[in-house]
Amino acid sequence: MAQSVGAYQKCINPACGAEFDVAESIFKCPQCGDLLDIQYNWDKIKVPDKFAVFGKRWAKRDKPLDFSGVWRFRELLNFCPDKNKVTIGEGQTILQQNRAIAEHLGMKPEGLFLQYEGLNPSGSFKDNGMAAAFSHAMMVGAKSCACASTGNTSASVALYAHSCGLKCTVFIGSGRIAFGKLSQAMDYGAQTIQIQGDFDDCMKQVQAVCVELGLYLLNSLNPFRLEGQKTIMYRIIEALGWDVPDWIIVPGGNLGNSSAFGKAFLELKQLGLIDRVPRLAIVNATGADTLTDLVNNKKLAWNGGHVNRKIIDDYYADLTARHFSPHTCASAIEISRPVNLKKCLRAIDVCNGVVLAMTDQEILDAKALIGKHGLGCEPASAATIAGLKHLLANGTVAKDQRVACVLTGHTLKDANATVNYHKDKQGPFSNPPVEAPNDLQEIIKLIR
Ligand SMILES: *Cc1c(COP(=O)(O)O)cnc(C)c1O
Ligand SMILES: [Zn+2]
C-alpha cells in the first residue's frame with residue numbers, strides 16, 4: 001500500500017490490525033469499527049537525535065512552521081507535507097514552576113509545574129490537536145467539517161476552519177456549554193447546532209452526520225488530532241531541560257489528551273530520546289467518572305490490546321437503562337462515554353497510570369487556589385490540582401517528586417464559575433467584592 005511520508009493509519013485492535021493510507025479520512029476502522037492510530041516507519045524519517053534541534057527552531061519567528069509549538073516537532077508527527085501544514089501560532093505555552101501552590105499542598109517547592117495550555121489562540125489545548133487535524137483536512141482536500149463539543153473543541157474548530165477556508169458546523173448539548181466557549185463558536189462564524197441532549201448524544205449525531213454528508217470530523221476520535229496533542233508533552237520535557245517529570249496529571253473527558261500523552265512517551269522511549277516514562281494521573285469529575293469506575297472498580301485494562309469489550313458494553317447498557325446523564329461544573333469533562341477509552345487504557349499501561357475522580361467542590365476550590373497563585377484556569381483544568389492533593393494525601397505521589405499538571409483551558413472560558421465561587425462564597429478561597437459608599441474616608445477604612 002502507498003504510505004505517504006512514512007506514516008500510515010492502523011487499527012488498534014490486535015485481532016484486526018488493518019492498515020490504511022494517511023490520505024484516507026475514515027476516523028474509525030472500516031473493518032471492525034475500532035479506533036485508528038497513526039503509525040510511523042521511523043527508519044524512513046530523519047528524527048533529530050538530539051531534542052535541542054526542536055528547541056532551536058523556536059527562535060525563528062519569521063518561519064511559522066518553526067515557530068509553531070506543534071510543527072517545530074514535525075519529525076515526530078510526520079504525516080503530511082509542509083505545503084498542507086496549518087498553523088495560527090498554537091503551542092506558545094509555558095511550563096511554570098509554582099512554589100506557592102506546592103507549599104500549600106505540602107510538596108517540595110521546586111517540585112510543582114503548571115503547563116498552561118489556556119494560552120493557545122482559542123484559549124485551550126485543543127489548538128494543538130486542530131493544527132494537526134486541519135493540516136490533514138487540507139491534505140485530503142476537505143471542504144466542510146464538523147465536531148461535537150462541550151465547548152472548547154467548537155471554539156478551536158471554528159477558529160481553524162475560518163483560517164483554512166472550510167465551512168464548519170458545531171454540535172453542542174443544550175445548556176451544557178460555558179458561555180465564553182459558545183461566544184467563540186458564534187463569533188468565529190461556525191454554524192452552531194444545539195441538540196436537546198448531552199455531549200454523548202452530540203457525539204453520536206455528529207458521527208452519523210459526517211458519514212452521511214462527507215464532512216471532515218474533528219473530534220478526538222480523529223487520530224491526527226492526537227498527534228498534535230503529543231507536543232504538549234514535548235514542550236513540558238523541553239522546559240525541564242529534556243528531562244521527564246515523575247508525574248503528569250491531566251483531566252480526563254473524552255480521553256484524547258491522556259491517550260496522546262501515552263503515545264508520545266511510548267514513541268520517545270522507542271526512539272531512545274528518553275530513557276524513562278513518567279507516571280500519568282487522569283482525573284475525572286465524580287459526576288462523570290466512567291473511566292475511574294471502569295478501571296478502579298471493574299478492573300478494565302489494556303491487556304495488550306485485548307480489552308474486555310463486555311465490561312464496557314455492560315457498563316454503557318446500564319448507563320442507558322438508568323437514563324444516566326453526566327453532571328459536573330467542569331463542563332469540559334462532562335462526558336460519560338469517552339471515545340478514546342481504549343487508547344487511554346493503553347496510556348495507563350505505558351505510563352503505569354492511575355485514575356481518580358474529584359467532586360465539584362474540590363475542583364472549584366483547586367481552581368481558586370490556582371487563580372490565587374498562578375495564571376488561573378477553567379474548572380476542568382483544576383481537577384489536576386484537586387487530584388494531586390488527593391494523591392499526595394494517600395501517598396501515591398511523594399512530596400519530593402516532580403509533578404507537571406496540564407492546565408487545559410483559559411480562566412476566562414468560564415468566568416461564571418469564577419464569579420459565582422467568589423460572590424456566593426462557595427469555598428475557603430472566596431474573595432467577593434466589598435461594597436463601599438462613594439466617600440473617600442469610608443473607602444480608605446475598607447482598604448486591607
Ligand atoms: C477538552 C477538554 C478537556 C478534556 O480533554 P480530553 O482530551 O477530552 O480528555 C479538559 N479540559 C479542557 C479545558 C478541555 O477543553
Ligand atoms: Zn479494525
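In each ligand, atom 1 is the first atom listed, and ligand 1 is the first ligand listed. Below, each value reflects all heavy atoms present in this structure, side chains not excepted, and no hydrogens, waters or symmetry copies.
- Among Lys126, Gln184, Lys413, the one residue that satisfies the side chain to side chain donor-acceptor pair (under 3.5 Å) test with Asn152 is Lys413.
- In this structure a side-chain-to-backbone donor-acceptor pair under 3.5 Å is missing from Asp127 to Ser156.
- Within the 3.5 Å criterion, the main-chain N or O of Leu65 finds no donor-acceptor partner in the side chain of Ser68.
- Annotation: Phe27 is not in aromatic contact with Phe224 [ring centroid separation under 6.0 Å not met].
- Between Thr411 and Leu375, every side-chain heavy-atom pair lies at or beyond the 4.5 Å cut-off.
- Screening Thr93, Asn257, Thr408 for a side chain to side chain donor-acceptor pair (under 3.5 Å) involving Glu117 leaves a single residue, Thr93.
- Between Tyr234 and Phe73, the ring planes are tilted. Angles from 30° to 60° get that label.
- With Asn284 as reference, Thr292 is the one residue of Asp289, Thr328, Asp293, Thr292 to meet the side chain to side chain donor-acceptor pair (under 3.5 Å) rule.
- The Zn ion (ligand 2) has Cys11 SG, Cys16 SG, Cys29 SG, Cys32 SG as its protein N, O or S neighbours under 2.8 Å.
- A donor-acceptor contact shorter than 3.5 Å links the side chain of Lys230 to the backbone of Leu76.
- Within 4.0 Å of ligand 1, the residues that place a heavy atom are Phe125, Lys126, Asn152, Pro251, Gly252, Gly253, Asn254, Leu255, Gly256, Asn257, Ala332, Ile333, Glu378, Ala380, Thr408, Gly409, listed by chain and number.
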